[in-house]
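Taking it in order: structure first as structure tokens, then the write-up.
Order of the sequence lines fixes the chain letters, A, B, ..., with proteins taken first and strands second; residue numbering starts at 1 for each chain.
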Amino acid sequence: MGIKGLTKLLVDNAPTAMKEQKLESYFGRRIAVDASMSIYQFLVVVGRKGTQMLINEAGEVTSHLQGMLYRTIRLLEAGIKPVYVFDGPPPDLKKQELAKRFSKRAAGSEELAVAIASRNKEDIEKFSKRTVKVTQQHNEDCKRLLRLIGVPVVEAPSEAEAQFAALCKAGKVYAVASEDMDSLTFGAPIFLRHLMDPSSRKVPVMEFEIPKILEEMNLDMDQFIDLCILSGDYCIGGLTALKLIHQHGSIENILENINKYQIPDNWPYSEARLLFKEPIVSMEEKPEINTPNEE
DNA sequence: GCTCTATCACCAGACGGG
DNA sequence: CCCCGTCC
DNA sequence: ACATGGTGATAGAG
């Protein structure tokens with residue numbers, strides 16, 4: 001889940017920590033990408049007309065493979081060496097979020113059934129997208145494809161975002177590319193947005209540098225994490241959160257000194273903080289570039 | 001008229017032929 | 001360039 | 001992912 005308004009907060013308060021970049025400036029660089037996020041997008045959009053998707057002779061969905069292959073080719077042609085990071089089991093704190101998604105999909109399926117029964121094309125289009133779920137099979141299909149074309153695959157022990165931020169911190173990739181601002185909270189030193197956007201969409205690659213953000217906003221990393229948790233979980237704006245952190249230094253001190261804000265019951269901020277500060281990641285993975293399998 | 005700003009509908013993969 | 005059909 | 005965020009058209013203010 002994203003942190004609402006973090007981009008704007010950075011634009012306003014750390015403008016020199018972010019810069020527009022050209023795709024060419026990443027020529028030859030290794031860049032980590034969240035695979036599951038990509039697969040989800042492909043399943044939603046690639047070759048879809050109503051409930052119809054791209055399928056093979058056996059009737060199995062191939063939209064994710066189609067999307068993954070061509071996107072990867074684009075990156076490679078731009079001289080970028082992608083490293084795809086796959087999600088492992090989610091942390092407990094995300095369980096309720098996942099339960100929410102599950103029930104949304106269930107509701108989507110019901111509404112889809114109604115739409116199909118009444119032949120409402122518009123509704124079929126709308127609700128079929130809500131039933132999309134990335135399965136283990138989709139993930140395995142894509143891992144196999146990537147390995148066959150010699151693109152490194154990393155299997156995260158838990159959250160992919162955490163893993164690729166760790167890869168970046170360890171210098172094993174130059175940067176991470178995502179649309180989810182959580183990557184910054186996980187401390188990926190260089191974070192790119194809009195890397196995959198086609199040039200036709202006329203949106204430049206945006207590069208964020210953590211050290212500059214911290215310097216310019218006058219925060220340490222722990223405070224930046226607290227800021228993200230405050231403005232993410234908690235219903236206050238980014239600017240207010242920033243002021244509170246500057247004033248009090250940490251969530252604990254804010255809660256001690258301020259009671260005019262409504263605190264959610266059992267707000268698990270310290271668990272959230274732990275997920276960002278000490279996420280479950282693997283360091284043995286060394287994304288090797290394999291030679292393409294000619295078959 | 002002109003530029004700057006505010007709103008709002010609209011869109012979300014990639015390719016290639018015509 | 002855009003438009004639109006195709007990818008499986 | 002009925003999310004969110006960026007875009008481009010349009011309208012109003014100075």
(message) Output the rounded distance in Å from CD (A:E179) to P (D:dT7).
(response) 12 Å
(message) Side chain of A:T62, heavy atoms from C-beta onward: which of B:dG13, D:dC2, C:dC8 has the nearest atom to it?
(response) C:dC8
(message) Heavy atoms only, 4.0 Å cut-off, all strands: where does A:V44 land among base, sugar-phosphate and nothing?
(response) nothing
(message) Applying a 4.0 Å non-hydrogen cut-off, can you work out what A:M37 is touching in the nucleic acid: base, sugar-phosphate, or nothing?
(response) base
(message) With a 6.0 Å cut-off (strictly less than), is the heavy-atom count around CD of A:E215, excluding the residue itself, greater than 12?
(response) no
(message) So if I take every side-chain heavy atom of A:R193 and compare against C:dC8, D:dG5, B:dA14, which nucleotide ends up nearest?
(response) D:dG5
(request) Identify whether any heavy atom of A:Q41 sits under 4.0 Å from a base atom; if not, whether one sits that close to sugar-phosphate; answer base, sugar-phosphate or nothing. (result) base
(message) Using atom P in both nucleotides, what's the gap between D:dT10 and C:dC3 to the nearest angstrom?
(response) 15 Å
(request) Assign A:R48 to base, sugar-phosphate, or nothing according to its heavy-atom contacts below 4.0 angstrom with the strands shown. (result) nothing
(request) Using a strict 4.0 Å threshold on nitrogen-to-oxygen distance, state whether A:E278 and A:R273 make a salt bridge. (result) no
(message) Please give me the minimum heavy-atom distance between A:A156 and A:V85, naming the atom from each residue.
(response) CB-CG1, 4.1 Å
(request) Considering only atom C1', compute the distance from C:dG5 to B:dC8 and round it to an integer number of Å. (result) 31 Å
(message) Is the phosphate of D:dC2 approached by A:R130 (side-chain N or O, under 4.0 Å from OP1 or OP2)?
(response) no
(request) Measure up the A:F208 and A:F191 rings against each other and bin them: parallel (under 30°), tilted (30 to 60°), perpendicular (over 60°). (result) tilted
